[in-house]
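Report on the structure given below.
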Amino acid sequence: MKIGYACLALAVPGSEMKSCTLKNAARDRLLSLTEYNLDALAHLIDYNIRNGILLFRISSDLIPFGSATAKDLPWERIFASKLTAIGQKFQNSGMRVSMHPGQYTVLNSPDESVARRSVEDLLYHDKVLSSLGLGREHKIVLHLGGAYGDKTQAKARFISRYRELNPSVRSRLVLENDDRLFHIGDVLETAGAEGVPVIFDTLHNSANPCDTSVSDADWIRRCSSTWLEDDGPQKIHYSQQHPDRKPGAHSESIGIDAFLKLYHQLAGIDLDIMLEVKDKNLSALKCINTVSNRGMSALETEWGRYKYSVLEHSPALYQGIRTLLKDKSEYPALEMYHMVEEAMGSPLLPGTAVNAAQHVWGYFRNSASESEQARFQNALGKFAAGESDLQPVKNLLNRLAKKYNENYLLNAYYFSI
DNA sequence: TGACGTCAAGATCCG
DNA sequence: CGGATCTTGACGTCA
């Protein structure tokens with residue numbers, strides 16, 4: 001069982017990818033961005049390993065315009081040593097990775113040029129994974145595509161295009177149910193005919209159900225037979241509905257109780273769970289730390305990252321978690337995350353937000369210049385007076401954290417959630 | 001023709 | 001000038 005997150009992480013300095021617009025996509029620019037992004041990826045993988053996160057989706061933006069403008073740049077040769085080094089990190093840690101072309105990669109399009117570019121895009125994704133030395137259990141996740149008014153014909157067109165793909169792409173491809181057109185029944189039918197493994201996406205299934213009398217756990221069991229030995233363990237996508245947004249929109253964070261409910265129904269299945277959620281690595285760590293005992297130090301590290309976020313919402317819960325973690329003989333992960341969720345779900349009051357900002361300011365009180373002091377007091381005063389929101393205060397503190405290299409703060413979630 | 005979704009680049013505004 | 005805040009880009013399908 002591995003639990004992971006997609007593409008980018010919050011509060012991991014040095015892991016941010018860069019891109020550019022098409023009109024600036026000259027060869028040199030693309031190569032320097034690629035080099036930068038490979039270094040960022042290496043940082044992110046190191047973070048994942050340090051934190052016991054062994055499932056990860058690599059961003060398609062790793063090589064900017066990798067399937068079009070940069071298609072013929074020999075990046076895999078130019079950066080062979082960097083790619084090999086990253087591949088070694090996966091190998092040594094046992095990390096499983098995947099990639100997921102976006103909604104604009106449509107293999108079954110009736111437009112031949114769209115389909116052709118989709119094939120190029122799949123070749124690009126396969127080239128990234130192969131250049132990292134990764135085997136076929138490291139998957140490329142795709143949706144069936146468009147319906148064009150005739151789902152039966154659209155499925156048939158997917159199958160015939162799939163058969164024309166090169167063997168390496170085909171060996172990595174897995175199909176996922178989407179949130180509007182092709183539900184899990186469509187995907188099982190289409191993929192089943194071709195021996196393509198199926199990823200069950202819980203939120204897509206609730207937005208676009210096939211049969212509401214079948215539970216998530218049952219759909220997952222039905223998909224398990226599509227995963228053969230060489231494909232690695234079955235994978236699913238797990239996410240929760242955003243409370244205020246339209247059906248299918250991902251939540252800010254994974255609610256731990258709902259996650260555990262499904263998790264316990266899946267006991268005994270060898271399953272990898274990709275979380276799709278706004279707070280990315282934060283929810284991955286929450287789930288990982290809750291389902292296995294990773295030691296008190298792991299919880300203390302997490303608390304260090306959450307503490308100022310909790311403090312600004314609720315001093316009472318801040319004190320409560322401090323007390324909870326004093327007993328070193330226990331592993332109160334679930335209780336801690338319950339309290340974190342309760343705090344983050346409560347409204348941000350100006351008084352407690354000012355208090356938390358002053359705590360963070362304490363890191364710079366002695367080192368900050370006079371003008372920095374004045375700017376902080378000015379920004380905080382404006383917020384306290386209701387003349388602006390908190391973001392300028394946090395931006396200022398974030399800049400100071402970078403300038404004075406306060407790593408404890410740079411790794412905290414305070415600037416990210 | 002706009003919405004959809006995603007994120008950062010790029011542009012512009014502001015003190 | 002640096003920083004904050006808006007707008008654009010890049011993709012294809014569907015209403």
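Just so we're on the same page: letters track the sequence lines, and every chain starts at 1. Both backbone and side-chain heavy atoms feed into the values below; hydrogens, waters and symmetry mates do not.
Nearest nucleotide to the side chain of A:Lys18, out of B:dA9, B:dC7, C:dG12: B:dA9. In the set B:dG10, C:dC14, B:dC4, the nucleotide with an atom closest to the side chain of A:Thr21 is B:dG10. Nearest nucleotide to the side chain of A:Lys246, out of C:dT13, B:dC7, B:dG5: B:dG5. Comparing C:dA4, B:dG10, C:dC11 against the side chain of A:Arg117 picks out C:dC11 as the nearest. Among C:dC14, C:dG12, B:dA9, the nucleotide with an atom closest to any side-chain atom of A:Ala147 is C:dC14.
In this structure, the CZ atom of A:Arg116 is 15 Å from the C1' atom of C:dG12, given to the nearest Å. Rounded to an integer number of Å, the gap from CG of A:Asn398 to P of C:dG3 is 12 Å. One atom, NZ of A:Lys278, and another, P of B:dC7, lie 6 Å apart when rounded to the nearest Å. Regarding A:Leu22, its CG atom lies at a distance of 15 Å from the C1' atom of B:dA8, rounded to whole Å. Atom CG of A:Leu390 is separated from atom C1' of C:dA4 by 15 Å (rounded to the nearest Å). Here C:dA10 presents its P atom at 14 Å from CG of A:Leu33, a figure rounded to the nearest Å. Taking atom CG of residue A:Asp61 and atom C1' of nucleotide B:dT6, one finds them 9 Å apart after rounding to whole Å. Atom CZ in A:Phe182 sits about 13 Å away from atom C1' in C:dC14, given to the nearest Å.
For A:Ser109 and A:Asp111, the side-chain atoms include no donor-acceptor pair closer than 3.5 Å. Between the side chains of A:Ser98 and A:Lys235, at least one donor-acceptor pair of N or O atoms lies under 3.5 Å.
Looking at heavy-atom distances under 4.0 Å, A:Gly146 makes contact with sugar-phosphate atoms alone, never a base. Heavy atoms of A:Thr105 sit nowhere under 4.0 angstrom from any nucleic acid atom.
The line from CZ of A:Phe158 to CG of A:Asp186 is 12.5 Å long, rounded to the nearest 0.5 Å.
If you find the closest nucleotide of DNA chain B to A:Glu16 and to A:Gln103, the one lying nearer the 5' end belongs to A:Gln103. Across the interface with DNA chain C, nearest-nucleotide mapping of A:Leu396 and A:Cys20 shows A:Leu396 to be the residue nearer the 5′ end. Both A:Asp389 and A:Gly145 lie close to DNA chain C; mapped to their nearest nucleotides by heavy-atom distance, the more 5′-ward contact belongs to A:Asp389.
For C:dA15, neither phosphate oxygen OP1 nor OP2 lies less than 4.0 angstrom from any side-chain nitrogen or oxygen of A:Arg180. Regarding contacts with the backbone of B:dC7, every side-chain N or O of A:Ser19 stays at 4.0 angstrom or more from both OP1 and OP2. Here A:Asn24 does not reach the OP1 or OP2 of B:dA9: none of its side-chain N or O atoms lies under 4.0 Å away. The phosphate of B:dT6 has neither OP1 nor OP2 within less than 4.0 Å of any side-chain N or O from A:Lys280. For C:dC14, the OP1/OP2 oxygens have no side-chain nitrogen or oxygen of A:Tyr148 closer than 4.0 Å. A:Arg245 has no side-chain polar atom (N or O) that falls below the 4.0 Å cut-off from OP1 or OP2 of B:dC4.
For the pair A:Lys18 and A:Tyr36, the cation-pi test (distance below 6.0 Å, angle within 45°) is passed.
Taking the six-membered ring wherever Trp is involved, the centroid distance between the rings of A:His125 and A:His138 does not fall below 6.0 Å. Two rings, from A:Tyr404 and A:Tyr363, have their centers 6.0 Å or more apart. Ring centroid separation for the pair A:Trp303 and A:Tyr318 comes in under the 6.0 Å cut-off.
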Every protein N/O within reach of nucleotides 11-15 of chain B N/O, cut-off under 3.5 Å:
none

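Each of A:His237, A:His204, A:His183 was evaluated against A:His143; a single residue qualifies, A:His204, per the ring pair (Phe, Tyr, Trp, His ring centres under 6.0 Å) test. For the side-chain contact (heavy atoms from CB on, under 4.5 Å) test with A:Thr290, the passing option among A:Leu285, A:Asp257, A:Leu260 is A:Leu260; the others fail.
Within 3.5 Å, a donor on the side chain of A:Tyr104 pairs with an acceptor on the base of B:dG5, or the reverse.
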